[in-house]
Amino acid sequence: MFIRLALKSLLNRKGSVLLTLMAMTVSIFVLLGVEHIRNQAQDSFNSTVSGVDLIVGARTGGLNLLLYSVFRIGSPTNNISWDSFQKIAHQPKVAWAIPVSLGDSHKGYRVMGTTAAYFKHFSYANQHKLDFAKGKAFSDIFDVVLGSEVAKQLGYSLGDKVILAHGIAKTSFSMHDDKPFRVVGILSATGTPVDQTLHVSLQGIEAIHIDWQHGVKLAKSTVTPEQLKQLTLEPKNITAFMLGLKSRLAVFSVQRNINNFSAEPLTAILPGVALSELWQMMGMLENTLRLISVLILLSALLGLSAMMLASIRERRHEVQLLRVIGAPPIFIFLMIELEALLICLLSTGLATALLYLSLVIASDFLTSGFGLHISINILSGNNILLILIVISLTILAAAIPSLSAYKNAKKDGIH
Amino acid sequence: MIIDLQNVQFSYPETPDKNILNIDSWSVAKSEQILIYGSSGTGKSTLLNVLSGMLDVPNGKVSVLGQRLDQMSTRQRDQFRANHIGYVFQQFNLIPYLDAIDNIQLANHFSKHRKRETIRKDIQELLSELNLSSLDWHKATSKLSIGQQQRVAIARALINNPELLIADEPTSSLDQQNRDKFMSLLMSLVAEHNISLLFVSHDMSLSRYFNRVDTLSDINKPEAYA
């Protein structure tokens, strides 16, 4: 009877209730959406690299090195010489080393030159190694291994020919079209920048640049693939490299050692530390978004409260009538609270459905545009807590009109 | 005694100096059907609020159906009203967005006579007795005519088998023909269910239905209180 009364009362005031419902839905949608995306972004962010003890590049800021080596954002300040890499890679404390050579692209996706050690040692998220969905690692000079997103978006499968472009612009005019690569492997999705990367061997990178000078292709290609195989394609430079140490305890001494490397100026960073530094920089933005969504929620709640308060005036006779048939004042209080709660629950339901729908629709765009893998499981721990907070706040906001109705019910007789 | 008031004084907290009720002694016996003649501004609403237990009376004895309302808490008076008193107003007798059945059931909800199995049947019998067509049972009461609404209001007032029915000018919004129908229906129902009726009106032409007629200004003399 109680719920029925509240429901019919709300239905009786369709206009104002509907508008309040919409305001609440939008605000809860924003609140849950911001929180969910923030959470997911942080997760996907922190899981981009793991198991790598140090990342080494030319002397630069730690964030810059992290951004170009792991996130493939921005450009390296300088290259480092192959000799330095070799020296450091053969230090006794180093277990493995993965060289990284960047600078070419394919249809907007970055190309990374590396060695087979990458597939063996690089890991992401919770020490997940890279898996091959199809095929295997590169073995020939002109073999390429695609990230899952590259293969999916460009529709490549094993055996397809891929022409790399010089530089990292989405439309490049200088193509390495004389030396196409062949797809030999496609990685499983990782939810990290790996998905947006084409992996080739360092020799491949060398080979496509062999008859180039100063970044410009010479008019006539003189070297045939057969001749290439005779050459020792040892790179002179690489962009950065990742190190795994035999003991993690040695990480600071190796880092100091590299930072003081005498042959050339180098920077070594701990990826975990750099990741959290980077995330802290985004903290400002994150908190601003949170603040805005909280303010939107507060304004919607005040709107709800104002709507209910206005309705109390209209419903004076109704309240008197309920009192006359024996309803205690607390019943009046609870009735108004219940109405507000019903609006809140309905809005939460609508907002969750809306958010779910939006994520399903937007997930492709977020993945290709921002490399963000957003799970559509909205009702994770944090959001359930948020919903409970929203419900509590609604009860609090509705207490204003409820108390007003309660007081009237208590002192008013019949007029 | 159905009603027994002794030395009742009442003023609203906002205007403590202005006495609204001052009743020395006034009582109604069980068999009486009483019409109180009085218009607004003579303490009519306040008297009805006191008798139904809506207002707390600090001074004097208020006994209704043998129970001392002045000694009860607000909660007890609410409960008492739900269980023992039926109330019909001039207007706004029903929750406009609920249908007749829900309105009546709601009144039952707050009383100790609350019953689950037979309530629907009881309501339907009562509504039939009040000549409300079953086609109108499930319409929002705001869609019913004034005459129909007042009949639903009687049904709502009677559903908990009250001993006392208080009617506050229930006929003033009805036309002559409807008023006569309403009155004879009301009188036959109170007789049949053995209910005492306290009826307030400023229409003296209704006095023929009652066996006792009091004038409010004779009962209540607020200016006499010093």
Side-chain angles (χ1 to χ4, degrees), chain A residues 1-18 20-21 307-308 310-340 342-343 401-415, chain B residues 10 12-14 20 40 44-56 73-99 102-112 114 116 119 140 142 153 156-157 159-160 162 166 168:
Chain A
M1 197 73 218
F2 195 30
I3 290 176
R4 192 180 162 89
L5 181 67
L7 270 180
K8 290 218 168 170
S9 159
L10 288 178
L11 280 177
N12 185 48
R13 291 174 285 138
K14 278 187 213 86
S16 57
V17 168
L18 203 67
T20 312
L21 189 75
M307 186 275 284
M308 300 296 272
S311 84
I312 301 294
R313 304 238 164 82
E314 294 163 29
R315 298 165 73 193
R316 205 172 165 158
H317 290 296
E318 192 182 319
V319 169
Q320 277 180 20
L321 183 67
L322 285 168
R323 290 283 291 130
V324 164
I325 60 175
I330 190 75
F331 177 88
I332 312 290
F333 179 89
L334 291 176
M335 184 177 77
I336 309 291
E337 282 282 4
L338 180 67
E339 285 180 13
L342 283 174
I343 292 181
S402 304
L403 269 179
S404 154
Y406 175 82
K407 276 195 199 150
N408 284 342
K410 230 177 163 156
K411 74 167 204 280
D412 264 19
I414 309 141
H415 298 284
Chain B
F10 184 85
Y12 285 99
E14 298 88 47
I20 307 291
S40 40
K44 182 195 74 170
S45 303
T46 310
L47 176 63
L48 295 183
N49 280 331
V50 166
L51 290 176
S52 60
M54 294 282 285
L55 288 176
D56 190 22
S73 68
T74 309
R75 182 78 198 95
Q76 285 170 321
R77 287 199 307 267
D78 290 343
Q79 196 64 57
F80 175 79
R81 182 168 60 249
N83 293 337
H84 302 289
I85 300 179
Y87 209 117
V88 182
F89 304 99
Q90 179 179 348
Q91 52 183 346
F92 306 118
N93 264 305
L94 304 166
I95 293 186
Y97 48 82
L98 293 183
D99 64 25
D102 278 345
N103 260 291
I104 300 167
Q105 196 169 359
L106 188 63
N108 184 244
H109 179 80
F110 293 106
S111 86
K112 69 170 182 199
R114 189 169 165 181
R116 302 205 173 272
I119 181 69
S142 55
R156 193 216 58 220
I159 188 66
N160 297 328
I166 296 176
D168 181 6

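In what follows, chains carry the letters A, B, and so on, assigned in the order in which the sequence lines appear, proteins first and then strands, with residues in each chain numbered from 1.
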Can you say whether A:Leu5 sits under 4.5 Å from chain B via the side chain, the backbone, both, or neither, judging by heavy atoms? both

Using a 4.5 Å cut-off on heavy atoms from C-beta on, say whether the side chain of B:Asp78 contacts that of A:Pro329. yes

Check A:Gly326 against B:Ala82 and note the closest heavy-atom contact, atom names and distance. CA-CB, 3.8 Å

Do A:Gln320 and B:Met54 make a side-chain contact, defined as non-hydrogen atoms from C-beta onward lying under 4.5 Å apart? no

With sequence neighbours excluded, residues passing side-chain hydrogen bond (donor to acceptor under 3.5 Å, both in side chains) with A:Arg4: B:Asp102

Considering only heavy atoms, which portion of A:Phe331 lies under 4.5 Å from any heavy atom of chain B: side chain, backbone, both, or neither? side chain

Are A:Phe2 and B:His109 side-chain neighbours, meaning at least one heavy-atom pair lies under 4.5 Å? no

Heavy-atom pair of closest approach, residues B:Tyr97 and A:Ser9: OH-CB, 3.1 Å

Do B:Ile95 and A:Leu322 come within less than 4.5 Å of each other through their side chains, counting heavy atoms only? yes

Within 6.0 angstrom of B:Arg75 CZ, more than 12 heavy atoms from elsewhere: yes

Using heavy-atom distances under 4.5 Å, tell me whether B:Arg156 contacts chain A through its side chain, its backbone, both, or neither. side chain

On a heavy-atom basis, the closest approach of B:Phe110 and A:Ile325 is CB-O, 3.5 Å

Distance, nearest 0.5 Å, that separates CG of A:Leu321 from OH of B:Tyr87: 11.0 Å

Reported CZ-to-CG distance for the pair A:Arg323 and B:Asn49, which is rounded to 0.5 angstrom: 10.0 Å

Who pairs with A:Glu339 by salt bridge (Lys or Arg N to Asp or Glu O under 4.0 Å), at least two apart in sequence or on another chain? A:Arg13, A:Arg315

